[in-house]
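One structure is given here, and the rest of the page talks about it.
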Number of protein chains: 2
Amino acid sequence: MTVTLKDIARAVGKSVTTVSSALNDYDDVSEETKALVRRVAREMGYTPNIAAQRLRKQRTDTLGLILPTFGPRFSDPFFSELLAGIGNESSANGFDLLVSTQAPGPDEDEAYRRVVSGRRVDGLLVVRTRRNDPRIAFLVEQNFPFVAFGRTEQDFDFPYVDEDCVLGMKLVIQHLIDLGHRRIAFIAAPSDLMFATYRLTGFRQAMEENGLPLDESLILVGDMTQRSGHRLAGELLDRPDRPTAIAACNDLMALGAMTAAQERGLMVGQDIAITGFDDIPPAQYSHPPLTTVHQPIYRIGRMICDMLIKCINGEALVERHILLQPSLIIRRSGGG
Amino acid sequence: MTVTLKDIARAVGKSVTTVSSALNDYDDVSEETKALVRRVAREMGYTPNIAAQRLRKQRTDTLGLILPTFGPRFSDPFFSELLAGIGNESSANGFDLLVSTQAPGPDEDEAYRRVVSGRRVDGLLVVRTRRNDPRIAFLVEQNFPFVAFGRTEQDFDFPYVDEDCVLGMKLVIQHLIDLGHRRIAFIAAPSDLMFATYRLTGFRQAMEENGLPLDESLILVGDMTQRSGHRLAGELLDRPDRPTAIAACNDLMALGAMTAAQERGLMVGQDIAITGFDDIPPAQYSHPPLTTVHQPIYRIGRMICDMLIKCINGEALVERHILLQPSLIIRRSGGG
DNA sequence: CTTGACACCTGAAACGTTTCGGTTTATAAT
DNA sequence: ATTATAAACCGAAACGTTTCAGGTGTCAAG
C-alpha cells in the first residue's frame with residue numbers, strides 16, 4: 001500500500017541502490033536517471049519511511065524539549081512564546097520537535113533518561129535551569145548534545161543562553177529607588193531555580209548599593225503563578241506597615257499582585273508600585289501596563305535551537321555562552 | 001557502545017529471540033529466564049532502539065499536534081493549558097508527542113502532508129477547526145486517524161470534542177441583557193474559525209430571542225489577541241454612542257478590552273460591562289475578574305488525546321462526538 | 001590490442017527489533 | 001513402547017533505508 005524504494009526501482013527498471021542514490025542526489029547517477037527517478041517517485045507519491053532512515057542513519061532529526069509543568073492549570077505565556085521560537089527554528093532546519101510535559105522530580109529524570117537512552121532525539125533543549133540540576137549533570141555525564149536556557153551552579157561547561165538577571169533586577173530596583181521608594185518588598189521564586197537566585201541577588205545588591213536596609217520579612221517566596229503573586233501581595237498589603245513597592249520575580253506574579261492591590265482599592269503606579277520581569281505579552285496590556293525587564297523570549301527560543309542543531313551537526317559554536325543584556329521597560333505600574 | 005538485544009543475549013547465553021520474548025513478557029519463556037534477562041538488561045542499561053521497534057512494528061507510538069501559531073509573539077494561555085493536558089495524557093499512555101508550530105496556510109497543509117505520509121506519527125490531533133478545513137478534508141481522505149477539538153461545516157464524520165459555544169455565548173449575552181444592557185457590542189473572531197462562527201451565532205440568537213435590535217456596526221472582528229481586543233474596544237468606546245456592554249469572543253480579547261476601557265477612565269463592571277469566553281487562568285486574576293464561559297481546556301486536551309489513542313488501537317469509541325455543556329462564570333467585569 | 005580512467009549502475013550487508021515457524025526435551029497418555 | 005502434549009527455546013526473515021565494495025561497458029591513450 002505505501003510505496004517504497006523497491007516499488008520505484010521496479011517501476012523504473014533500476015536497482016534500489018540507484019533509486020536511493022538518485023533521490024539523495026549522489027553524483028554517480030546520470031542526470032536522466034535522476035530526473036526519471038524523481039518524476040516517478042513524485043507520481044507514485046513516495047515518501048521515505050523515516051523509521052528506516054533513522055535506524056540506518058542512526059539519527060532521528062528530532063530535537064527534544066521537556067517542559068516543566070506544574071499541575072493541570074499550566075498556563076505560562078512565557079513557555080508558549082519560547083515554544084513558538086523553538087518550533088519555528090527547528091522546523092526551518094528540518095528537525096522535528098518532541099515535546100513532553102513533566103513536573104520536576106523523579107518522573108522528570110526518568111523522562112530524560114528515556115529520551116536519551118532510547119535515542120529518541122538527537123539533542124535536548126533544557127529550560128529553566130536549577131542550581132543543582134540533575135538534568136544537566138546527567139546530560140553532561142552521558143555526553144549527550146544539549147543547550148540550556150539558563151546557567152547552573154554546577155561546575156560543568158555546556159552551551160547556554162541566558163539573560164543577565166542580576167543586572168536586570170538591579171535595573172528595576174534602582175528605578176524604584178530613584179522614584180523614592182525605600183520599603184520595597186520582593187516576591188521571589190523557589191531558590192533552587194537559577195533565575196530566581198539571580199533575581200533575588202539583583203534585588204539584594206541594588207538595596208545594598210543604595211545603602212537601604214534589607215527587611216527580610218519583605219521577601220516572600222511564590223511559585224511563579226498569578227495566583228501565588230495574588231496571594232503573597234495580599235499578605236504584604238494587609239500588614240500595618242505595608243511596603244510602598246513590590247518587585248516580583250516574574251511578570252505573572254506581578255500581574256497577580258496588581259490584582260491584589262486593586263482589590264484593596266489601591267491605585268497601582270500611584271499608591272503602590274509593582275514591577276515584574278520577563279515582559280511577556282500580557283504585561284503590555286495589563287491595567288496599568290507593567291513596568292518590567294524585557295527578555296527576547298521568542299528569539300531566545302530560536303537561538304538555543306539553532307545552537308543545538310549546530311552542536312548536533314558537529315559544527316563549532318562561535319559563542320558557547322551567551323549572556324544577553326537586559327533592558328528595563330518602564331510602564332505605568334511602577335509609577336514615575 | 002549502546003547495548004542491544006544481541007549483547008544481552010550473549011551475556012545470558014540465550015538467543016536474541018528469547019531475550020526479546022522475555023522482555024516483552026511472552027509466555028513461552030520460563031519465569032527464571034525472564035527474571036534473569038530483565039535483571040541483566042537493567043544492569044547493562046539496556047533501552048530498546050525505538051527506530052528499530054518502529055520499523056519492525058510499523059508503529060511510531062507518537063501523536064502529532066500542529067499548533068496554529070500566528071507570528072512570533074505567540075502567547076496563548078489557552079494552548080499552553082491544552083498542551084499540558086495532551087502532553088500528560090499521551091505520556092501516561094506511552095506515546096510521544098510531536099509538536100510543530102505553523103501558521104494556517106500552504107505551509108500548514110504541507111506540514112500535515114509531511115507528517116502523515118512520512119508516517120511520523122500514528123495519529124493527529126487537530127485543534128481550532130475551521131469552517132472549511134483543508135486539514136480535515138485531507139485526513140479524512142487519507143483515512144488517517146485523528147481527533148479534532150471543534151467541528152466543521154464540511155460533511156465528514158470524524159471524532160471530535162467541542163463545547164456548545166452557541167449556547168455558551170447565549171448564556172453570557174442573556175446575562176448581560178438580564179442586567180439591563182441593550183446596546184451590546186460584540187468583538188468577534190475571523191469567521192472562518194468554527195468556534196468564532198458559533199459564538200457569533202449565539203450572540204445573534206440571544207439578541208433576537210430578546211427582541212433586541214441588532215446594530216451591525218457594533219460587531220467588530222478581531223484576531224483573538226489581547227492587542228486586538230484593546231484596539232477594537234478602544235474604537236467602540238470612542239464612539240459618541242458607545243455600547244454599555246462589550247462581549248468578546250475570547251478571554252484574551254476581553255482582557256485587552258478591559259484595558260482599553262480603563263485607559264478611558266471607565267470602571268469595568270460598573271460603567272461598562274465586559275465579558276469573555278474560555279475561562280483561561282488569567283481571567284480569574286484580572287481586575288476586575290472576568291465574567292466568562294468556562295471551557296475545561298486541560299480536560300479537553302486529555303479527552304481528545306485519549307480518544308485518539310483508542311482510535312489508533314482500533315478500539316471503538318463509546319462516544320464519537322462529544323459536545324460539552326458550557327457554564328457561565330459570573331465574576332465582576334460583567335457587572336451585576 | 002591492451003590498459004586505465006571514467007560514468008553509471010548494482011548486490012549485499014547492515015541498522016536493532018519482532019515474529020513466524022519451527023526444534024528439542026521432558027512428561028503424560030495410550 | 002509408542003505417541004501426543006506442553007514448555008522452553010531458537011534460526012531466520014522481515015521492516016525500508018543507506019552505503020560499501022565492487023562490476024560493467026565505453027572510450028581514449030599508450
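Every chain is numbered from 1, with letters handed out A, B, ... down the list of sequences. As the structure is a computational prediction, the values presented were derived from the model and not from experiment.
- Note on A:Ser15: a side-chain N or O is less than 4.0 Å away from OP1 or OP2 of C:dT10.
- Side chains of A:Thr33 and A:Val12 form no contact here, defined as non-hydrogen atoms less than 4.5 Å apart.
- Rounded to 10°, the angle separating the first-five-pair axis and the last-five-pair axis of the helix from C:dC1-D:dG30 to C:dT30-D:dA1 equals 70°.
- Rounded to whole Å, atom C1' of D:dT18 lies 14 Å from atom CG of A:Asp61.
- Each of B:Asp122, B:Ile50, B:Asp96 was scored for a side-chain contact (heavy atoms from CB on, under 4.5 Å) with B:Asp61, with one residue passing: B:Asp122.
- Taking 4.5 Å as the limit, some side-chain heavy atom of A:Leu125 sits within range of a side-chain heavy atom of A:Val147.
- Checked against a 6.0 Å centroid threshold, the rings of B:Phe158 and B:Phe146 count as neighbours.
- In this structure, A:Arg320 pairs ionically with A:Asp157, as a charged nitrogen and a carboxylate oxygen lie closer than 4.0 Å.
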### Query
How does protein reach along nucleotides 16-25 of chain C, written 5' to 3' as B (base within reach of a heavy atom under 4.0 Å), S (only sugar-phosphate), or - (no contact)?
BBBB------

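- B:Thr69 places no side-chain N or O within 3.5 Å of a backbone atom of A:Ala84 that could act as its donor or acceptor partner.
- Using a distance-only test at 3.5 Å, with no hydrogens or angles considered, a donor-acceptor pair links the side chain of B:Lys34 to the main chain of B:Tyr26.
- Taking atom CG on A:Asp25 and atom P on C:dC9, their separation rounds to 14 Å, with Å as the unit.
- D:dA8 atom P lies 9 Å from atom NZ of B:Lys34, rounded to whole Å.
- Between C:dC8 and A:Thr18, no contact under 4.0 Å exists linking OP1 or OP2 to a side-chain N or O.
- Atom CD in B:Glu32 sits roughly 14 Å away from atom P in D:dA7 (whole-Å rounding).
- Counted by atom type alone, A:Asn88 and A:Tyr298 present one or more donor-acceptor pairs between their side chains at under 3.5 Å.
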